[in-house]
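Structure first, then comments.
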Amino acid sequence: MDPVTLWWSFFSLAAAFVIFQLSTVPPHLRHLPRVPILPLLVSYLSGEVEDVRIKRLILPYANERGEGLVLVWALGRWMIHILDHKLAVEMTENLLLYPKELPPDGLLLWRFIGGSNILMANGDRWKKHSRVIRDAFNLSIPVDQFALLSKNLFDVINPPSEENDTHTVDFAELAQRFALDAVGSSVLGYNFDAIRTESLFVKEYNGIMHDIANPLYLIMPFLEKVFPRKEVIKRMDNLVDKFKMLLQAKRNDPGDDMMTFMLKEPTMSEEELRDNMVILFIAGHDTSAGGLSTLIYFLAIHPEIQAVAHEEVLRILGPTADPSVDTLSAASLPYLNACIREALRINTPISYIVPRVNAEAVTLGKYYIPANTSLIYNIYAVHHRNDIWGDPNTFRPSRFLEKTERSSVLKDAWVAFASGPRQCPARNFALYEQRALAVMLLREYKWTLPENSIHKNGLKNAFSPFALTLPHDLHITFTKRKY
């Protein structure tokens, strides 16, 4: 046997041994239900997207076996996925017993987002981040900016130089560009001008996210230390430096935006500002774009629902009036708001959130959980339980408008922004952003899904290292309305 073949044989055996050791369920967790390791490995290595994996391998434990949680092997270790929103409430409400877990592996993902931010911090540090960021989001809702960006989007969908009133565009890409300009102008205080121009910043960011998502490194995070990806790390650190430059530019030229407000907080360090800036960028860019794309897709394939939403918008705002905080409120637009909530439920942008860890042994429902166990709130699974939603795979906004004995159950089980004290502080901002763009689009266009769409038989999401469910290659045909 030649040396190269011998080396690869040794490496393969060593890797198989390491995976076997890592994937063996620890004795103290063997009493819990668990997803078999082999189909999980096949799923990870094949690049199967998160929503498909959850439906195929994890949801059956809730829908067919009635389990409230299940062990899942991910990121080189066994974690508990909580599938019952009542169990999740017990966890999310108790911050002392269930703090956020400090990542035990060396994934580049954690290096990129950092640990000194509202997502990862615990205790008094988290309270500080939460206070500052919530106060920043409570300053005002930039409805005028959302409306202006929507009009910029119209010029891309329907270029003024063209007489044709019908155009097909990749709305998933446009939603990303809209969301980036929204978070850039109102949160970061920087004009990316992404709607009208190709943003090199975003191109670089998307490339890094693609590289971070290498399935082999996600399965075996220890490889980051054994075979460090120096080129990816260099590009990632360069992008982080650009965030730092944005911070410095904001110091030199303060404005009417959230970062300017946060810079006034004397207790926030440079590292904390930078880490929170990255988190706000990801949340405002990726998750908002995913939610918007999902909404537009379902309105495209359900013209009858699109028509009802259009009628409501015209009744409240008319064909030309500028939207305001009052006219865009959930109370003013209950049907459109229900459509948005249903889109966020059926294709939740964030499948699950950063793990927690129990500080001591606990009993969660009927399950005994040993101390120091990783626990994940599987939002996507909760949003697709048969016993809660009845028809979880059907887009039915009216479920949020019906006044039945199940209404309170649905309200509690809708957790698109998580739940408890650590739920997303940008919830109100994000919902106004979605209602603003939806209102502007509904007044300007009607839209359909092209016959040759890859989404013709169901929405398809892109693979993401952040467990995000983001539609891709979503071409939509827009036709300008005539009044």
Side-chain angles (χ1 to χ4, degrees), residues 25-35 58 61-62 66-105 107 109-110 113-134 272 275-276 279 283 348 350-383 385 388 408-409 411-425 427 467:
V25 181
H28 63 287
L29 296 177
R30 290 178 185 169
H31 62 288
L32 297 171
R34 66 179 178 272
V35 178
I58 297 176
Y61 285 84
E67 299 287 0
L69 55 78
V70 65
L71 275 175
V72 179
W73 192 77
L75 303 180
R77 55 204 171 97
W78 288 96
M79 303 178 180
I80 291 176
H81 279 229
I82 297 180
L83 314 177
D84 184 331
H85 73 283
K86 293 179 181 178
L87 299 184
V89 167
E90 287 188 47
M91 179 184 72
T92 57
E93 292 289 343
N94 195 330
L95 302 184
L96 290 177
L97 186 56
Y98 300 97
K100 286 291 182 78
E101 181 183 54
L102 296 177
D105 48 59
L107 275 179
L109 178 62
W110 309 127
I113 66 174
S116 301
N117 53 48
I118 189 171
L119 181 67
M120 305 296 291
N122 285 306
D124 289 339
R125 290 181 67 201
W126 169 76
K127 290 178 181 178
K128 177 179 72 174
H129 295 309
S130 179
R131 172 181 57 81
V132 173
I133 290 176
R134 288 181 191 278
E272 290 172 323
D275 287 0
N276 279 303
I279 289 296
T348 313
I350 300 179
S351 301
Y352 41 79
I353 46 185
V354 173
R356 305 240 185 156
V357 61
N358 51 319
E360 59 187 55
V362 296
T363 298
L364 202 55
K366 66 180 182 179
Y367 306 95
Y368 171 75
I369 313 295
N372 301 314
T373 301
S374 299
L375 301 114
I376 283 179
Y377 191 169
N378 194 317
I379 294 174
Y380 192 94
V382 168
H383 280 171
R385 287 186 66 109
I388 295 174
S408 61
V409 175
K411 180 181 178 181
D412 292 341
W414 188 80
V415 287
F417 296 90
S419 61
R422 297 196 66 150
Q423 65 180 286
C424 177
R427 171 176 173 154

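Side-chain contact between R30 and L71 is absent, with no heavy-atom pair separated by less than 4.5 Å. V25 places none of its side-chain heavy atoms less than 4.5 Å from the side chain of H31. Within the 4.5 Å cutoff, no side-chain heavy atoms of W78 are placed close to those of V72. Side-chain contact between D84 and R385: present, with at least one pair of heavy atoms (C-beta onward) separated by less than 4.5 Å.
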Per-pair distances, 0.1 Å, donor-acceptor, side chain in residues 93-102, under 3.5 Å, sequence neighbours excluded:
unit_1	atom_1	unit_2	atom_2	d
N94	OD1	L96	N	3.4
N94	OD1	L97	N	3.0
K100	NZ	L119	O	2.9
E101	OE1	R77	NH1	3.1
E101	OE1	R77	NH2	3.2
E101	OE1	S374	OG	3.3
E101	OE2	R77	NH1	3.2
E101	OE2	S374	OG	2.4

Could you list the donor-acceptor pairs under 3.5 angstrom formed between side-chain atoms of residues 362-369 and any protein atom two or more places apart in sequence or on another chain?
unit_1	atom_1	unit_2	atom_2	d
Y367	OH	E67	OE1	2.5
Y367	OH	G68	N	2.9

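The CZ atom of R125 sits 8.5 Å away from atom CG of N117, with the distance rounded to the nearest 0.5 Å. The line from CD1 of I353 to CD1 of I379 is 4.5 Å long, rounded to the nearest 0.5 Å. Atom CE of residue M120 and atom CD1 of residue I279 lie 8.0 Å apart, to the nearest 0.5 angstrom. Rounding to the nearest 0.5 Å gives a distance of 6.0 Å between CD1 of I118 and CZ of R134.
Of all heavy-atom pairs spanning I388 and V382, the tightest one is CD1-O, 4.3 Å. The minimum heavy-atom distance linking L69 with P33 is given by the pair O-CG, 3.3 Å. Across all non-hydrogen atoms, the minimal contact from I133 to P425 is CG2-CG, 3.9 Å. Closest heavy-atom contact between A371 and A361: CB-N, 3.5 Å.
Every side-chain hydrogen bond (donor to acceptor under 3.5 Å, both in side chains) that N276 has, sequence neighbours left out, goes to H129. By the side chain to side chain contact (heavy atoms under 4.5 Å, CB included) test, N378 is found to be paired with I54, I58, H81, L83, Y352, Y380, A381, residues two or more places apart in sequence or in another chain being considered. In this structure, the side-chain hydrogen bond (donor to acceptor under 3.5 Å, both in side chains) partners of T348, at least two apart in sequence or on a different chain, are H383. By the ring pair (Phe, Tyr, Trp, His ring centres under 6.0 Å) test, Y377 is found to be paired with no residue, residues two or more places apart in sequence or in another chain being considered.
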- Go through the steps to decide whether T92 and R356 satisfy the test side-chain contact (heavy atoms from CB on, under 4.5 Å), and finish with yes or no. CA-CA 9 Å; T92 57; R356 305 240 185 156; 4.1 Å; yes

